[in-house]
Colleague: 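Quick one: structure below, then a few questions.
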Amino acid sequence: MAQITNREIQQAGRLDSAEAFMALRERILAASDPNRTEIIVCHGTGCLANGSVKVAEALQAAVKAADLDIKVTGCHGFCSRGPLVVVRPSGLFYQRVKPADAEDILQSVLEGGQPVERLLYHDPNTDQALPQEKDIPFYSHQMRIVLRNIGKIDPTDIGDTIAHGGYLALAKALYQMSPEQVVAEVERSGLRGRGGAGFPTGRKWKSALAAIKKKGYPAYVVVNGDEGDPGAFMDRTIMEGDPHAVLEGLILGAYALGAHQGFMYVRAEYPVAIKHLNIAMEQARALGLLGQNILGSGFDFDVQINRGAGAFVCGESTALFTSIEGRAGEPKPKYVRSVEEGLWGRPTVLNNVETWANVPQIIEKGGEWYAGLGVPHSTGTKVFSLVGKVNNVGLVEVPMGTPLASIVEDLGGGVPGGAPFKAVQTGGPSGGCLPYDMREVPVDFDSLTRAGSMMGSGGMIVMDKRDCVVDVARYFLRFLEEESCGKCIPCRLGLTRMREILDGFSQGIGSEKDIDDLVSLAAAIQDGALCALGGSAPNPVLTTLQYFKDEYLAHIKDKRCPAGVCKDLISYSIDPDKCTGCMTCARQCPQKAIAGEKKKPHVINQELCIRCGICMESCKFGAVNVA
Amino acid sequence: MSTSPLIDIDEIIERYPGKPEFLIFLLQDIQAAYNYISREALELVCDHTGVPFSTAYATATFYQSFSLKPKGEHNLRVCLGTACHLKGAPRIVEDLERRLGIKAGETTDDLQFTLETVNCLGACALAPVMVADEEYVPGATSKKVEKLVKDLAAS
Ligand SMILES: Cc1cc2nc3c(=O)[nH]c(=O)nc-3n(C[C@H](O)[C@H](O)[C@H](O)COP(=O)(O)O)c2cc1C
Ligand code: SF4
Ligand code: FES
Ligand code: FES
């Protein structure tokens, strides 16, 4: 996009006024031709893992002299179809691209070229080709506010970011708005924290302002990029794909609160996010958008990145602060709120990555505009990581209040095989499971809580009939048991005890009294735990008990796992009518438990079988059954 | 693994000011350079930052990223995030445990392999996913795992 190179932009030096910034923006826009063809290759984690680097290299080699650009971007969201290649401005969408497709793609974008049919997305129901990104249901049902630029911009190019609207809000705020007006605008937007609890952001900032006034020292602003929910990658995608949006949001918050130092706490497993944020900061400093005297306004602010070190509990605010201070991240009791005493005892505003990334657009377009999106008490949009047993696995952004079924079915394309979904787990380890019957529930903070689940940070895991709710509840409990910092007893011992009871259920051991014990244990933990890790840990168990009690009873009364998951209650067998005798399973079985001659049906020796499921995974003919 | 035992520990220590708040930064850099944190390294860090040894030890054991024992030449990390769990990741872990004769979290006696589990690698669409050294293995199966271990052992 930006025909002015990054180096030329950096030569502009530190900009000393809003006018200088707008002039640079004009120069960048004037130098770029909006009709120039760009071939965009997704370089998000999913596409990279599927080989998108080689695709980009092949395209680069094929382009030679042609008058077009190859650009790499962050994740487009539709990871299950990667590697993705999108042509702009035409919007032509290619999926599952291989390096060998490069020449054909190139031909198709040159004058008079035809789309490469085999790489187009086909509607699974009608088999009709949908060449345009905007016509594909996965995209057409989305409303991309936070993700608006991801998949369009090169995240390591500040010029490209500026051309797409980056830092307009900052220039506006510094010269046309007072800090109080920035806070008021955020409050008007109705924005609520995207990190889990959904606390109104404007209200948090306002109480921080009051604390600063009372105490007399400046505040810190902090980005929570710890993204602990296992199975969610919203924040990662934002930090990797549009790092300047997070940074700009943070600078705006710092201006509003008069903070001079900020921190970004980023999960250890996200090296690319850290790299892109570092590049973004360097580029912003060079242009005077960060550091001393930002855009000549007299406002000073800088940021440090702290890498997490692999502890889920460090996403909790007080633990996160302790970790930034350099110690083991154990939560502290919250007698005083962190807006008053946070990092090093100073007033501190901590917000989630997605929360911060919403701020620039709220400032640019106004709180009222934002409040008009979504539903009254949950305004704006929310990014979800839609995973599990759903056709279109990926990252989606929809207005708050969108019905659950619409997300899973319209965007997600439903469950593979066409059966209705069994449940959707939202809110990660602190959340709950909603059954198919609840599919019309609007996905917003309050409706989800009323239904017994929660919004959490945006993980959305679709389960089908082959997924066992007891197993899933046990999975989350074990996760939290391992991640508990161990400081308080209800959490440390209570979670272990709950998990032991569920271990029993998964082996068919237990009674209805154990279910009652689980519920009372859960209440004790909810009451007694110091932080929300423990406090919300029983949720997955409680909601699955609420909606799927029969499945629990099947385990303990009938010694049966209806989904065919819990190892001690299942057995594998081979359907002689479907088995072709290819011998694949016999070769793969680690126990050598499968016998049979070539081209004749095979049989599993139940004595030897350890129920690892490898035979089922390896059978191409669907001949292995589990019951 | 791109570890370079040539990096001088003093060079790492000097990267940060001698303040307690840089303890975790130092541990991370040492872990990255040597694959583990030796007692000597930890003592040097304490001298530099002024953090008591007991506190530094507590911090190093609290976080999963740090290892106080040397790790294997090849690092296998299997994702046990929710999406991967539902798509059979536990099977992959058990498979590797059987093949390598170790439990998750352990290193083989010949220091060739370390087997670890992680929670979500951000590639949920490709579940189950594992990472061998720096290479992602999408849609991991027993068959892929077999070949992978064989290739790495020979390399
Ligand atoms: C155990 C635990 C883990 C958490 N992990 C995260 C996390 O990974 N990312 C996040 O943004 N918030 C996390 N939170 C919520 C934070 O404590 C805090 O509420 C949030 O960062 C505030 O930002 P927000 O208002 O913008 O959501 C976690 C909370 C708890 C109790
Ligand atoms: S509730 Fe659990 S994680 Fe939170 S402080 Fe207590 S022991 Fe630690
Ligand atoms: S990584 Fe390419 S679409 Fe997500
Ligand atoms: S759950 Fe395994 S990559 Fe996300």
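A, B, ... follow the sequence lines: proteins, then strands. Residue 1 opens every chain. Keep in mind that this is a model prediction, so the values were computed, not measured.
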Colleague: For the residue pair B:Ala83 and A:Gly388, what are the closest heavy atoms and their distance?
Modeller: CB-N, 4.5 Å
Colleague: When only pairs under 4.5 Å are counted, which of A:Cys468, A:Pro590, A:Pro429, A:Ser385 shares the most heavy-atom pairs with chain B?
Modeller: A:Pro590
Colleague: Would one find more than 12 heavy atoms of other residues, nucleotides or ligands at under 6.0 Å from atom NZ of B:Lys71?
Modeller: yes
Colleague: If I take atom CD from residue A:Glu482 and atom OG1 from residue B:Thr117, how far apart are they, to the nearest 0.5 angstrom?
Modeller: 6.5 Å
Colleague: State, with a plain yes or no, whether a side-chain heavy atom of A:Cys612 is found less than 4.5 Å away from one of B:Asp95.
Modeller: no
Colleague: As an exercise, state the distance from CZ of A:Arg327 to OG1 of B:Thr55, rounded to the nearest 0.5 Å.
Modeller: 9.0 Å
Colleague: Tell me, side chain or backbone of B:Glu146 under 4.5 Å from chain A's heavy atoms, or both, or neither?
Modeller: side chain
Colleague: Please name the pair of heavy atoms, one in A:Ala309 and one in B:Gln28, separated by the smallest distance, quoted to 0.1 Å.
Modeller: CB-NE2, 4.0 Å
Colleague: So which of A:Val387, A:Ile324, A:Leu386 has the biggest tally of heavy-atom pairs under 4.5 Å with chain B?
Modeller: A:Val387
Colleague: Contact part of A:Ser80 toward chain B, heavy-atom cut-off under 4.5 Å: side chain, backbone, both or neither?
Modeller: both
Colleague: At a heavy-atom separation under 4.5 Å, does B:Leu27 approach chain A through its side chain, its backbone, both, or neither?
Modeller: neither
Colleague: Look up atom CZ in A:Arg307 and atom CD1 in B:Ile24, then write down how far apart they are to the nearest 0.5 Å.
Modeller: 10.5 Å
Colleague: Within a reach of under 6.0 Å around CG of B:Asp110, are more than 12 heavy atoms found that belong to other residues, nucleotides or ligands?
Modeller: yes
Colleague: Rounded to the nearest 0.5 Å, what separation is found between the CZ atom of A:Phe233 and the SG atom of B:Cys120?
Modeller: 7.5 Å
Colleague: Does any heavy atom of chain B fall under 4.5 Å from the side chain of A:Cys75, the backbone, both, or neither of them?
Modeller: neither
Colleague: Which atoms of A:Asn306 are under 4.5 Å from chain B, going by heavy atoms: the side chain, the backbone, both sets, or neither?
Modeller: both
Colleague: Flag yes if more than 12 heavy atoms outside B:Tyr57 fall under 6.0 Å of its OH atom; otherwise flag no.
Modeller: no
Colleague: Looking at every non-hydrogen atom in both residues, tell me the closest pair between B:Ala123 and A:Gly46 and how far apart they are.
Modeller: CB-CA, 4.4 Å
Colleague: With a 6.0 Å cut-off (strictly less than), is the heavy-atom count around NZ of A:Lys620, excluding the residue itself, greater than 12?
Modeller: no
Colleague: Is it true that B:Glu94 and A:Lys567 make a salt bridge, defined as a side-chain N closer than 4.0 Å to a carboxylate O?
Modeller: yes
Colleague: As a quick check of understanding, evaluate side-chain contact (heavy atoms from CB on, under 4.5 Å) for B:Gln64 and A:Glu483, giving each step before the final call.
Modeller: CA-CA 10 Å; B:Gln64 284 159 19; A:Glu483 295 292 344; 3.0 Å; yes
Colleague: Can you tell which part of A:Phe78 gets under 4.5 Å to a heavy atom of chain B, answering side chain, backbone, both or neither?
Modeller: neither
Colleague: Select one option (side chain, backbone, both, neither) describing which atoms of A:Ser323 are under 4.5 Å from chain B's heavy atoms.
Modeller: both
Colleague: Give a yes or no on this: more than 12 heavy atoms of other residues, nucleotides or ligands lie within 6.0 Å of atom NZ of B:Lys143.
Modeller: no
Colleague: Calculate, to the nearest 0.5 Å, the distance between atoms CZ and CG belonging to A:Arg267 and B:Asn119 respectively.
Modeller: 7.0 Å
Colleague: In terms of heavy-atom proximity below 4.5 Å to chain A, should B:Leu126 be classed as side chain, backbone, both, or neither?
Modeller: side chain
Colleague: Enumerate by number any residue of residues 147-155 of chain B whose heavy atoms lie under 4.5 Å from heavy atoms of chain A; in the absence of such residues, state 'none'.
Modeller: none
Colleague: To the nearest 0.5 Å, what is the distance between CD1 (A:Ile461) and NE2 (B:His85)?
Modeller: 10.5 Å
Colleague: For side-chain contact (heavy atoms from CB on, under 4.5 Å), just list the numbers for B:Val131 and A:Glu269, CA-CA rounded to whole Å, side-chain angles, deciding distance to a tenth of an Å, and then say yes or no.
Modeller: CA-CA 12 Å; B:Val131 179; A:Glu269 286 84 359; over 6 Å; no
Colleague: Might you point out which heavy atoms bring B:Gly122 and A:Thr45 nearest each other, and give the distance in Å?
Modeller: O-CB, 3.8 Å
Colleague: With no hydrogens and no angle check, is any side-chain donor or acceptor of A:Tyr475 less than 3.5 Å from a backbone partner on B:Thr82?
Modeller: yes
Colleague: What residue in B:Val51, B:Val137, B:Leu80 has the most heavy-atom pairs under 4.5 Å with chain A?
Modeller: B:Leu80
Colleague: Of the listed residues (A:Gly394, A:Gly613, A:Ala268), which shares the most heavy-atom pairs with chain B below a 4.5 Å separation?
Modeller: A:Gly613
Colleague: With a 4.5 angstrom heavy-atom cut-off, could you sort out which part of A:Phe312 is near chain B: side chain, backbone, both or neither?
Modeller: neither
Colleague: Give the minimum heavy-atom separation between B:Ser65 and A:Gly310, together with the two atoms involved.
Modeller: OG-N, 3.5 Å
Colleague: Under 4.5 Å from any heavy atom of chain B, what part of A:Val472 do you find: side chain, backbone, both or neither?
Modeller: side chain
Colleague: Which answer fits A:Gln304, side chain, backbone, both or neither, if we ask what part of it has an atom under 4.5 Å from a heavy atom of chain B?
Modeller: side chain
Colleague: Closest heavy-atom contact between A:Gln588 and B:Ser142?
Modeller: OE1-OG, 3.2 Å
